[in-house]
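Inspection log for the structure reproduced underneath, given as structure tokens.
This one's a predicted model, so the numbers in the text were calculated from it and none came from an experiment.
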Amino acid sequence: MSIRHYIILGVIALVPLVGSAQSAEQLRQQISAQQRQLEQINKEIELYEKELVQVGARKQTLQNAVNELDVTLKKTTAQIKATQNRIATTELEIKELDGDIVQKEELIAIDSAAIGEMVRQLHSMDEASFVEHLLSEDSLSGVWDETETIMTLQQTMHDHMVSLLNIKEDLTRDLSAVRKKREELEQQRRTLAAEERSVSVTKQEQSNLLSQTRSQESNYQKLLADKRAAKEQFENALDDLESRLQYTLDPTHIPPAGKGVLRWPLDQITITQQFGVTADSRRLYASGSHNGVDFRAAVGTPVKAALSGTVQATGDSDSIRGCYSYGKWVLIRHGNGLSTLYAHFSDIAVSQGQSVSTGQVIGYAGATGYATGPHLHFTVYASDAVQVRQLGTNTPCGKAVIPVSPQSGYLNPLDYL
């Protein structure tokens, strides 16, 4: 085989793989189709969100409560479709990247083989002396042609080395991208599991509501009245207990106020009740002050840890007959001197002593305890101040185990979110 043949062999490495290009184009078309479907699903979810706001603003009736749960189911089902769509799209993107990786590995193999052949040929030529080359040719022009061919071969080999380095850089980027896509895929699958759990929780909530009220509006209104009366007793008892607790806040034991110290516990944020003394708090709470922030959240909405930490305790005040306070709740102690409470869950997804990471799903929003509608109650404490204990009063909530704190131990969540 002549030197010119090796030069031709090197050029082959630069020819694209036609079959792979066609496959990549088909994948891109499928990805585009998935993205168009996702846009339609997202529009559907947006409509359900608007409908939920409208239903939630109406008078509290049994029918409206059932309607709200129905819309929640439809929205969650649409979210499941959207997540399944994103999973399918990500799998296609991974497949496309895998195809690119295979193609680049083939190009690297071809380029490496071409360079190897060139190196061997140059080595064999180096072993022959210049005099031997000169004597083997019939004319001076032949020697010149041979020398020019060697120079061309060297330049081609240099070009192949540059090409090989570029392909390897592209391959490294593709490998990094596919690892990132696989991480995204795992997160989307975890999200899907949470959304599927939300459907189950919402259906159970609807079943419980209809069972409690026996589908009678009068029974539903009596249930609301009983909740309001029991809630007032609870508020008075809690205020009396916490006013007797002694605590002096040491600012050095908590982080300074600043945005982003904590993460929002919900993906979509609508504040329905602020922290502290407000027009509503004077009317709604015995202390005249709201000890947390309330967020609108449909039944079954995944609630996430605002920061990594350890689950200090969980509880369910509804397990005490006639007690309407926090309902199902989770208290997390963080490593920075703060603790966070999440209340009115429909379902709890963690247990006492468990370590949780920032953004991990810890439960699902609901309307347990005293709630005028599905929402999340979120409180931030100085960890040194909060303790978990029985309320211990002559009220229906006396045996309920809940977090309590002196008023000075409550912190404004919005100072840290």
Side-chain angles (χ1 to χ4, degrees), residues 60-66 68-69 200-245 273 283-287 290-292 294 297 299-300 303 311-331 341-352 362-379 386-405:
Q60 277 190 287
T61 66
L62 178 59
Q63 187 57 55
N64 284 342
V66 171
E68 186 170 0
L69 289 168
S200 174
V201 165
T202 307
K203 286 180 178 178
Q204 185 61 49
E205 188 79 9
Q206 189 175 71
S207 175
N208 290 344
L209 177 64
L210 293 174
S211 175
Q212 276 184 297
T213 62
R214 298 176 185 173
S215 302
Q216 295 295 316
E217 180 63 33
S218 58
N219 291 342
Y220 178 71
Q221 291 302 328
K222 184 178 184 304
L223 179 65
L224 290 180
D226 290 344
K227 278 190 174 185
R228 290 189 189 99
K231 178 256 186 185
E232 287 179 12
Q233 287 184 306
F234 165 74
E235 285 290 336
N236 287 322
L238 181 63
D239 182 54
D240 179 64
L241 172 62
E242 293 186 335
S243 65
R244 288 186 276 113
L245 296 175
Q273 173 77 333
R283 174 175 56 84
L284 294 172
Y285 306 102
S287 65
H290 187 218
N291 65 19
D294 288 345
V299 171
V303 178
V311 178
Q312 185 173 344
T314 66
D316 179 10
S317 66
D318 284 4
S319 64
I320 309 297
R321 186 175 178 83
C323 177
Y324 295 103
S325 58
Y326 290 131
K328 293 179 180 177
W329 56 267
V330 172
L331 179 67
L341 170 70
Y342 313 75
H344 305 305
F345 281 155
S346 55
D347 192 40
I348 295 173
V350 292
S351 56
Q352 184 175 355
I362 58 172
Y364 302 88
T368 55
Y370 179 74
T372 56
H375 72 282
L376 171 68
H377 174 86
F378 180 69
T379 293
V386 63
Q387 51 186 289
V388 179
R389 55 182 285 182
Q390 282 190 348
L391 190 57
T393 60
N394 295 322
T395 72
C397 286
K399 294 183 179 179
V401 177
I402 58 171
V404 296
S405 168

Over all atoms of both residues, closest heavy-atom pair of [X] and [Y]:
{"X": "Ala237", "Y": "Thr395", "value": "CB-CG2, 4.1 Å"}
{"X": "Gly292", "Y": "Thr379", "value": "CA-OG1, 3.7 Å"}
{"X": "Val386", "Y": "Ser405", "value": "CA-CB, 4.2 Å"}
{"X": "Gln206", "Y": "Leu69", "value": "CA-CD1, 3.5 Å"}
{"X": "Val201", "Y": "Ser346", "value": "CG1-OG, 2.9 Å"}
{"X": "Gly322", "Y": "Ala230", "value": "O-CB, 3.3 Å"}

Atom pair [atom1]/[atom2] of [X] and [Y] - distance to nearest 0.5 Å:
{"X": "Leu209", "Y": "Arg214", "atom1": "CG", "atom2": "CZ", "result": "13.5 Å"}
{"X": "Lys231", "Y": "Ser325", "atom1": "NZ", "atom2": "OG", "result": "11.5 Å"}
{"X": "Gln233", "Y": "Cys397", "atom1": "CD", "atom2": "SG", "result": "8.0 Å"}
{"X": "Asn64", "Y": "Glu217", "atom1": "CG", "atom2": "CD", "result": "8.5 Å"}
{"X": "Asp316", "Y": "Tyr326", "atom1": "CG", "atom2": "OH", "result": "14.5 Å"}
{"X": "Leu341", "Y": "Leu376", "atom1": "CG", "atom2": "CG", "result": "9.0 Å"}

Does [Y] offer a backbone N or O that forms a donor-acceptor pair with the side chain of [X] under 3.5 Å?
{"X": "Ser243", "Y": "Asp239", "value": "yes"}
{"X": "His344", "Y": "Thr368", "value": "yes"}
{"X": "Thr314", "Y": "Val330", "value": "no"}
{"X": "Asp318", "Y": "Gly369", "value": "yes"}
{"X": "Gln390", "Y": "Val401", "value": "no"}
{"X": "Asn219", "Y": "Thr213", "value": "yes"}

Checklist entry - Listed by chain and number, what are the salt bridge (charged side-chain N to carboxylate O under 4.0 Å, His left out) partners of Asp347, not counting sequence neighbours? => result Arg197
Next on the checklist: Applying salt bridge (charged side-chain N to carboxylate O under 4.0 Å, His left out), can you list everything that pairs with Lys222, at least two apart in sequence or on another chain?
Outcome noted: Asp226
Next on the checklist: side-chain contact (heavy atoms from CB on, under 4.5 Å) for Glu235 and Tyr370? Distances and angles first, verdict last.
Outcome noted: CA-CA 11 Å; Glu235 285 290 336; Tyr370 179 74; over 6 Å; no
Next on the checklist: Please determine whether side-chain contact (heavy atoms from CB on, under 4.5 Å) holds for the pair Ile320 and Ser317, giving the CA-CA distance in whole Å, both sets of side-chain angles, and the decisive distance to 0.1 Å.
Outcome noted: CA-CA 6 Å; Ile320 309 297; Ser317 66; 5.7 Å; no
Next on the checklist: Could you check whether Tyr364 and Phe345 have their ring centres less than 6.0 Å apart?
Outcome noted: no
Next on the checklist: Applying side-chain contact (heavy atoms from CB on, under 4.5 Å) to Tyr324 and Leu223, what does each step give before you reach the verdict?
Outcome noted: CA-CA 11 Å; Tyr324 295 103; Leu223 179 65; 4.0 Å; yes
Checklist entry - Does the pair Val388 and Trp329 meet the rule for a side-chain contact (heavy atoms from CB on, under 4.5 Å), with working shown? => result CA-CA 12 Å; Val388 179; Trp329 56 267; 4.0 Å; yes
Checklist outcome for this item: With sequence neighbours left out, the residues meeting side-chain hydrogen bond (donor to acceptor under 3.5 Å, both in side chains) with Gln60 are none
Checklist entry - Does a donor on one side chain sit under 3.5 Å from an acceptor on the other, for His377 and Asn291? => result yes
Item to check | Verdict with reasoning, Asn208 to Gln212, per side chain to side chain donor-acceptor pair (under 3.5 Å) | outcome: CA-CA 6 Å; Asn208 290 344; Gln212 276 184 297; over 6 Å; no
Next on the checklist: So Arg321 and Pro396, do their side chains get closer than 4.5 Å, heavy atoms only?
Outcome noted: no
Item to check | Heavy atoms from other residues, nucleotides or ligands near NZ of Lys227 exceed 12 (cutoff 6.0 Å) | outcome: yes
